[in-house]
Protein chains: 2
Amino acid sequence: MTDLEQYLQTYFDFDQTELGKVAAFFKPEMLKKGDYYLRTGRSCNKLSFVQSGLLRVYVELEDREVTQWISTNGYFITDLSSLVFDKPSRWNIQALTDTAIYTIDKSDYNQLGRYIPKWPQTEKLFIAHCFTTLEDRVFSFLSMTAEQRYNILFESNRELFNQVPLQYIASMLGMTPETISRIRRKQLF
Amino acid sequence: MTDLEQYLQTYFDFDQTELGKVAAFFKPEMLKKGDYYLRTGRSCNKLSFVQSGLLRVYVELEDREVTQWISTNGYFITDLSSLVFDKPSRWNIQALTDTAIYTIDKSDYNQLGRYIPKWPQTEKLFIAHCFTTLEDRVFSFLSMTAEQRYNILFESNRELFNQVPLQYIASMLGMTPETISRIRRKQLF
DNA sequence: CGGCTCACTTGATCTAGATCAAGAAATCAG
DNA sequence: CTGATTTCTTGATCTAGATCAAGTGAGCCG
């Protein structure tokens, strides 16, 4: 079983035949550090799976950048509103390190239902899962302090903190790098 | 065409026959002011459409309540993670006023695909739309001031501000009622 | 090895928005 | 209509976290 199949299996309830079929649509690709997977305004006609490396999802404002998310190995990456609704994509997605991904393009993606009968159900569960993740995130902004938000991310994704410049993590948590630095210091005692 | 069909049409690309079939599954219900549509911890085995009135989605913390969302007429309401994944629901949903809804129960909901061939596709688009709405909301917390968040909600949903106590709106925007009051005052000039 | 460039930390100060407290308005029940 | 309750406003004060400004240190490349 390939890495990709292995990971697909952790997300989706597929049997070996289905795994093989789905995985066959994904083509390996490499991004060099700094390469863009996607640019704001372009159409995102693909969905990818991160095998290794780091992809940062962000927007450029006039005076600063806002990081929305960082995808590490084992995550999928795309701009959903662009992929599904054909809208210009809202995010830039850039490789923070050399990154290995598997990519399925939109036309293949949209055909998956023909080959995998339970694809529509699977896809629904997948998007619903993404929805509830964001729901939690909204809730964290409504109800938690910076320190609490930091702790939750840290507990759930420790590796991230060794691999990614603090400023990006701070931005996706809605705080400054200085604040994270102070939270860390405080927690030493 | 009933109210419900009319609204379904604004969300979904159904023809008249499909509209009729889908609408037939929804049963009208009335909630009195203060009634609960759903309680934290219970299973949410239904999806509803708000015809009139107001439903507040919130969580009780030890020391306060956090309002996640308020559904007005024309919105759907459910706890998606509970409906789709059978988890205990995370939110309380309570009627702020007498409220008229149309409800489809989970077993019927899960059968829709049998009667409406394009239901799976439609459902996917619907959930994806909800996802991007939350994505915008997360982005608003990462990049905007209280005043900017207030303005966006106010522009997109003016009626809400006449109908709902300020404290609930404040909570769903992640600020206090006093802050909204001051933003308003400031904007008089 | 020494000089650059980033990333991170730390301190000093500032500020958006929270909290606390008191009135004023509006809404509601009898 | 009247008193009670809830909601909204306004002021005074406080604080979490931002901003600004120096350092410190760790890779990296010549």
Side-chain angles (χ1 to χ4, degrees), chain A residues 32-34 54 56 58 61-67 70 94-98 137-154 158-189, chain B residues 32-35 53-54 56 58 61-67 70 94-98 137-154 158-189:
Chain A
K32 285 268 167 219
K33 176 173 177 171
L54 294 161
R56 179 170 75 106
Y58 73 99
L61 305 182
E62 321 76 63
D63 57 337
R64 68 210 151 105
E65 291 178 355
V66 172
T67 298
I70 293 165
Q94 188 183 29
L96 287 180
T97 61
D98 291 357
R137 213 167 154 210
V138 167
F139 183 70
S140 79
F141 286 112
L142 296 182
S143 66
M144 295 177 197
T145 62
E147 184 168 2
Q148 291 171 317
R149 294 200 305 278
Y150 168 87
N151 286 338
I152 285 176
L153 183 65
F154 185 69
R158 281 170 188 269
E159 326 80 63
L160 205 62
F161 290 76
N162 305 321
Q163 298 174 298
V164 177
L166 217 51
Q167 59 178 133
Y168 301 141
I169 294 177
S171 178
M172 75 188 251
L173 284 170
M175 62 189 79
T176 60
E178 291 95 329
T179 296
I180 289 197
S181 202
R182 291 187 177 103
I183 288 170
R184 280 183 169 174
R185 174 161 182 75
K186 182 182 157 199
Q187 296 192 343
L188 288 177
F189 308 106
Chain B
K32 286 268 167 218
K33 176 173 177 172
D35 285 354
L54 294 161
R56 179 170 74 106
Y58 74 98
L61 304 183
E62 320 77 63
D63 57 336
R64 68 209 151 107
E65 291 177 355
V66 172
T67 297
I70 294 166
Q94 187 183 28
L96 287 180
T97 60
D98 291 357
R137 213 166 154 211
V138 167
F139 183 70
S140 78
F141 287 111
L142 296 182
S143 67
M144 295 176 195
T145 62
E147 184 168 3
Q148 291 171 317
R149 295 200 305 278
Y150 168 87
N151 286 337
I152 285 177
L153 183 66
F154 185 69
R158 280 170 189 270
E159 326 82 60
L160 206 61
F161 290 76
N162 305 322
Q163 300 174 297
V164 176
L166 217 52
Q167 60 178 132
Y168 300 141
I169 294 177
S171 178
M172 75 187 251
L173 284 170
M175 62 188 78
T176 59
E178 291 94 330
T179 296
I180 289 197
S181 201
R182 291 190 176 100
I183 289 171
R184 281 182 169 172
R185 174 162 182 76
K186 182 181 156 199
Q187 295 191 346
L188 288 177
F189 310 105

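Remember, it's a predicted structure, so these values are computed and weren't measured experimentally. Letters A, B, ... mirror the listed sequences (proteins, then strands); counts begin at 1.
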Going 5' to 3' along DNA chain D, which nucleotides are the first and last within contact of chain B (any atom under 4.0 Å from a heavy atom)?
dT7(D) to dA12(D)
What donor-acceptor contacts under 3.5 angstrom involve side-chain atoms of residues 180-189 of chain B, with partners at least two apart or in another chain?
unit_1    : atom_1 : unit_2    : atom_2 : d
Lys186(B) : NZ     : Glu147(B) : OE1    : 2.6
Gln187(B) : NE2    : Glu147(B) : OE2    : 3.0
Gln187(B) : NE2    : Asn151(B) : OD1    : 2.8

Could you tell me whether the side chain of Asp98(B) and the main chain of Lys32(B) form a donor-acceptor pair under 3.5 Å?
no
Would you say the side-chain atoms of Thr97(B) pair up with the backbone N or O of Leu54(B), donor to acceptor, closer than 3.5 Å?
yes
[X]: side chain to side chain contact (heavy atoms under 4.5 Å, CB included) partners, not counting sequence neighbours:
| X | result |
| --- | --- |
| Phe154(A) | Tyr150(A), Arg158(A), Phe161(A) |
| Gln167(B) | Pro165(B), Pro177(B) |
| Leu61(B) | Phe139(A), Ser143(A), Val59(B), Asp63(B), Arg64(B), Val66(B) |
| Arg56(A) | Tyr58(A), Glu65(A), Thr67(A), Ile70(A), Gln94(A), Leu96(A), Tyr168(A) |

Axis-to-axis angle across the helix from dC1(C)-dG30(D) to dG30(C)-dC1(D), five pairs each end, nearest 10 degrees, ~ 40°
Report each atom pair, protein N/O against N/O of nucleotides 25-30 of chain C, whose distance is under 3.5 angstrom.
none

Shortest non-hydrogen separation from Gln148(A) to Met144(A) and the atoms involved:
OE1-CA, 3.2 Å
Atom CG in Leu142(A), atom CZ in Arg137(B): separation rounded to 0.5 Å?
5.5 Å
side-chain hydrogen bond (donor to acceptor under 3.5 Å, both in side chains) partners for Ser171(A), two or more places apart:
none
Under the salt bridge (charged side-chain N to carboxylate O under 4.0 Å, His left out) rule, collect the residues that match up with Asp35(B), sequence neighbours excluded.
none
Output every pair passing salt bridge (Lys or Arg N to Asp or Glu O under 4.0 Å) with a member in residues 163-176 of chain A, not counting sequence neighbours, ordered by first then second residue.
none
Short side-chain N/O contact to dA7(C) OP1/OP2 from Gln167(A), under 4.0 Å
yes
Strand-adjacent residues in residues 173-186 of chain A, judged by heavy atoms under 4.0 Å from DNA chain C:
Glu178(A), Ser181(A), Arg182(A), Arg184(A), Arg185(A)
